[in-house]
Amino acid sequence: MSSFAGRMKEYPTVSLDRFDRENLHARAYFLSHCHKDHMKGLKGPLLRRKLQFSRTVRLYCSFVTKELLLNNPKYSFWEEYIVPLELESPTQISLVDEASGEKEEVVVTLLAAGHCPGSVMFLFEGCRGNVLYTGDFRFAAGDASRMEHLHSGSRVKDIQSVYLDSTFYDPRFYQIPTREVCLNGISQLIGNWIGQSPHHVVWLNCKAAYGYEYLFTNLGDEFNTQIHVNSLAMFKKMPEILSYVTTDRRTQIHACRHPKDDEFFQGNRLPCGCSAADGTPLRIISIKPSTMWFGERTKKTNVIIKTGASSYRACFSFHSSYSELRDFLTYLQPINIHPSVIPIGRTLTEVTQMLKLMCRKPSDQEAFVYKPLGVLKRSRPERPTYDSDSEDELFEGLDLAPVRKKMGLRKDVQKENLPETTAPPVSVEEPSAVTLTDTQSVSCNYVDCTESNGEDEDEEDEGKDVAANSEPPKWDDFFTTEMLPDSQNSHNSQSQSQSSRMSGSETPELFSDKDEETPDITDDFSLTLSASLSNHSSQNMDSSLPDTLILHPEQQRGDGSTRTLEDEPSASQVSSDFDIPSTPESKAPQQDELSQLYRKLASGEEVEMRKGSAVSR
DNA sequence: GCGATCAGTT
DNA sequence: CACAACTGATCGC
């Protein structure tokens with residue numbers, strides 16, 4: 001959970017993802033995505049009042065986030081104060097102190113974060129340097145290198161600070177299977193189950209939060225069906241999602257919820273109440289998306305784990321793994337990194353210390369200049385060096401700002417100023433937007449930057465823009481769903497879960513063999529220092545298991561092996577060697593073998609695992 | 001009675 | 001499973 005207090009050292013007059021306490025005084029607000037733990041104080045009466053008396057304070061977020069936020073009536077008072085921004089569109093924002101008139105300009109760019117629909121990172125560029133606030137995110141290795149706005153020409157921008165989603169910044173979470181791998185495992189499991197008969201259905205036991213939608217869209221495509229959910233309201237302007245969900249319960253894939261859904265499931269009912277169709281009892285399996293992680297040296301990734309006679313856990317993560325974070329940070333090489341989350345079992349000091357290893361070192365600066373690749377483990381574009389001059393060009397418009405106000409001079413940067421003159425509580429239309437030609441270049445000239453506290457590193461840098469090989473991270477399309485202009489309530493297929501409990505819940509005769517297996521492990525091993533590894537079920541299984549393998553509970557080995565994998569040649573390395581039997585020879589199963597296995601598991605057959613193979617018994 | 005907070009659950 | 005939200009108890013206004 002985010003413990004970020006809301007403000008960044010470099011630009012302390014804006015608040016992000018926190019709206020209480022000190023943040024009540026912010027000149028502008030930013031919401032990275034619509035999850036409750038990033039919305040603290042957002043419906044506070046004090047803030048609400050402040051807005052009513054302000055002509056310049058606004059909330060900036062993506063269009064999708066705005067839509068999701070306003071779907072909840074408790075936040076509807078924000079409507080007239082939200083300024084939705086397009087992704088990848090540098091926008092200049094004036095941060096005005098309404099009391100003194102003092103003003104500071106900053107250019108902000110939204111970058112798709114891959115965490116949930118509408119989630120973004122905010123890149124701030126201004127006289128206090130370039131600062132990246134990541135919000136929560138899931139990037140795969142290499143994603144950062146494909147993002148145009150993190151580059152200036154062919155170089156990575158000089159990032160002063162990164163405010164990082166450090167949820168999994170801990171070697172325990174070394175690797176988490178990619179979305180593709182996870183999805184593949186889930187698809188196979190589902191396909192093998194629902195293919196057996198129309199009465200075989202799947203319940204995706206998802207938590208009440210945005211972020212599972214891509215699962216729905218992909219499964220929907222794969223099986224040419226819609227997924228049953230409780231409500232379509234929040235997606236009414238997002239056709240890309242809307243077309244994959246339904247409130248019609250006659251589908252084989254459900255993601256509906258009910259406060260007592262687990263009880264329902266035990267009674268062989270879906271959360272929506274369905275238990276039979278055409279008089280035939282349903283055959284239901286539940287699949288619970290949850291995070292699974294693996295050690296550095298663990299090659300296999302068992303993406304599906306059977307936890308009961310008809311229940312499974314499937315790997316799914318909203319956040320980047322340790323190695324993905326390292327890839328990200330290694331690429332950006334910011335000067336400072338501030339964690340926004342402290343992984344449980346660790347302390348701020350510890351995490352901060354570990355993050356220091358990822359920061360640019362003084363020596364790197366020169367190393368980059370003279371031998372750009374010298375310090376790096378893998379090739380990549382050269383590092384940014386100080387282009388002291390680049391900025392000049394941009395600054396030719398010293399007094400651009402005033403000009404921009406009236407007309408768009410530069411192209412690339414939208415001027416988003418909710419000026420004094422502009423609109424009172426009218427709609428969210430974008431006020432005078434102006435574009436700048438270059439992505440960066442915030443005119444600091446006439447701006448008063450005095451107030452930033454904290455250390456003062458002056459940055460400059462910034463060069464010309466150039467699009468790198470911009471191939472956005474996959475899943476972007478989805479996470480940044482397009483929205484319909486407006487109402488268009490198509491899809492209102494029938495009643496929404498009018499909790500019609502279908503009576504007569506048949507008893508689970510079919511599943512008499514209820515295994516309560518608690519897939520657990522003993523978390524023994526009090527190995528090293530602080531590493532309070534919680535018991536972590538099964539991942540890190542033994543070697544030789546192919547990707548996407550379904551494990552039977554019994555086979556899960558309780559070795560508590562959290563392979564702490566760690567790169568740092570540190571104590572944790574010990575643990576890794578300690579509890580992990582090294583991977584022996586193992587041959588990866590062939591695809592058909594796998595399919596076979598899936599089919600059996602899905603149909604309930606018992607399957608026995610052996611090294612590198614599985615046989616049904 | 002509403003809201004914030006915390007512990008416990010899922 | 002360590003994500004995010006709901007539930008219920010408690011406290012304060």
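Chain letters run A, B, ... following the sequence lines, proteins first and then strands; every chain starts at 1. Excluded from the calculations below are hydrogen atoms, water molecules and symmetry mates; all remaining heavy atoms, backbone and side chain alike, are included.
Protein atom NZ of A/Lys288 is 6 Å distant from nucleotide atom P of C/dC1, rounded to whole Å. Atom pair A/His258:NE2 and C/dC6:P shows a separation of 15 Å (rounding to whole Å applied). C/dA4 atom P lies 8 Å from atom OH of A/Tyr212, rounded to whole Å. To the nearest angstrom, P of C/dA4 lies 6 Å from CZ of A/Phe318. Between the P atom of C/dC3 and the CZ atom of A/Phe316 lies a distance of 13 Å, rounded to the nearest Å. When the C1' atom of C/dC6 is taken as reference, atom CD of A/Glu263 falls 15 Å away, rounded to whole Å. The CG atom of A/Asn230 sits 14 Å away from the C1' atom of C/dA5 (whole-angstrom rounding). Protein atom NZ of A/Lys260 is 13 Å distant from nucleotide atom C1' of C/dG8, rounded to whole Å.
For A/Tyr29 (side chain) and A/Leu42 (main-chain N/O), no donor-acceptor pair under 3.5 Å exists by modelled atom type. Of the possible donor and acceptor atoms, none in the side chain of A/Thr251 sits under 3.5 Å from a partner among the backbone N and O of A/Ile227. Put simply, the side chain of A/Ser320 gets close to the backbone of A/Phe139: a donor and an acceptor are under 3.5 Å apart.
Along DNA chain C, the nucleotide nearest A/Ala209 and the nucleotide nearest A/Ser290 are compared for position; the residue whose nucleotide lies closer to the 5' end is A/Ser290. Take the nearest nucleotide of DNA chain C for A/Arg257 and for A/Lys207: the residue whose nucleotide is more 5' is A/Lys207.
Extent of DNA chain B lying under 4.0 Å from chain A heavy atoms, first and last nucleotide in 5' to 3' order, is B/dT5 to B/dT10.
When heavy atoms are screened at a 4.0 angstrom cut-off, A/Asn205 is found touching no nucleic acid atom at all. When heavy atoms are screened at a 4.0 angstrom cut-off, A/Asp136 is found touching the sugar-phosphate backbone but no base atom. When heavy atoms are screened at a 4.0 angstrom cut-off, A/Thr167 is found touching the sugar-phosphate backbone but no base atom.
A donor and an acceptor atom, one from each side chain of A/Asn205 and A/Ser286, are nowhere located under 3.5 Å apart. A side-chain N or O of A/Arg313 and one of A/Ser290 form a donor-acceptor pair less than 3.5 Å apart. In this model, no donor atom of one side chain and acceptor atom of the other lie less than 3.5 Å apart for A/Asp136 and A/His35. Checked by atom type, the side-chain pair A/Asp221/A/Tyr244 shows a donor-acceptor distance below 3.5 Å.
The six-membered or imidazole ring of A/Tyr163 lies away from that of A/Phe122, with a centre-to-centre distance of 6.0 Å or more. Aromatic rings of A/Tyr60 and A/Phe30 (six-membered ring for Trp) have centroids within the 6.0 Å cut-off, being under it.
For the contact set between residues 37-52 of chain A and DNA chain C, defined by any heavy atom under 4.0 Å, the members are A/Asp37.
The aromatic rings of A/Phe168 and A/His319 sit perpendicular, their planes meeting at an angle over 60°, well past the 30° parallel limit. By the 30° and 60° cut-offs, the orientation of the rings of A/Tyr133 relative to A/Phe4 is tilted.
In this model, the phosphate group of C/dA4 is approached by a side-chain N or O of A/His115 to a distance below 4.0 Å at OP1 or OP2.
Considering A/Phe137, A/Tyr212, A/Tyr214 in turn, A/Tyr212 is the only one that fulfils the ring pair (Phe, Tyr, Trp, His ring centres under 6.0 Å) rule with A/Phe318.
For DNA chain C, runs of at least 3 consecutive pairs of the Watson-Crick or G-U wobble type, with both hydrogen-bonding distances under 3.5 angstrom, map to B:1-10 with C:4-13.
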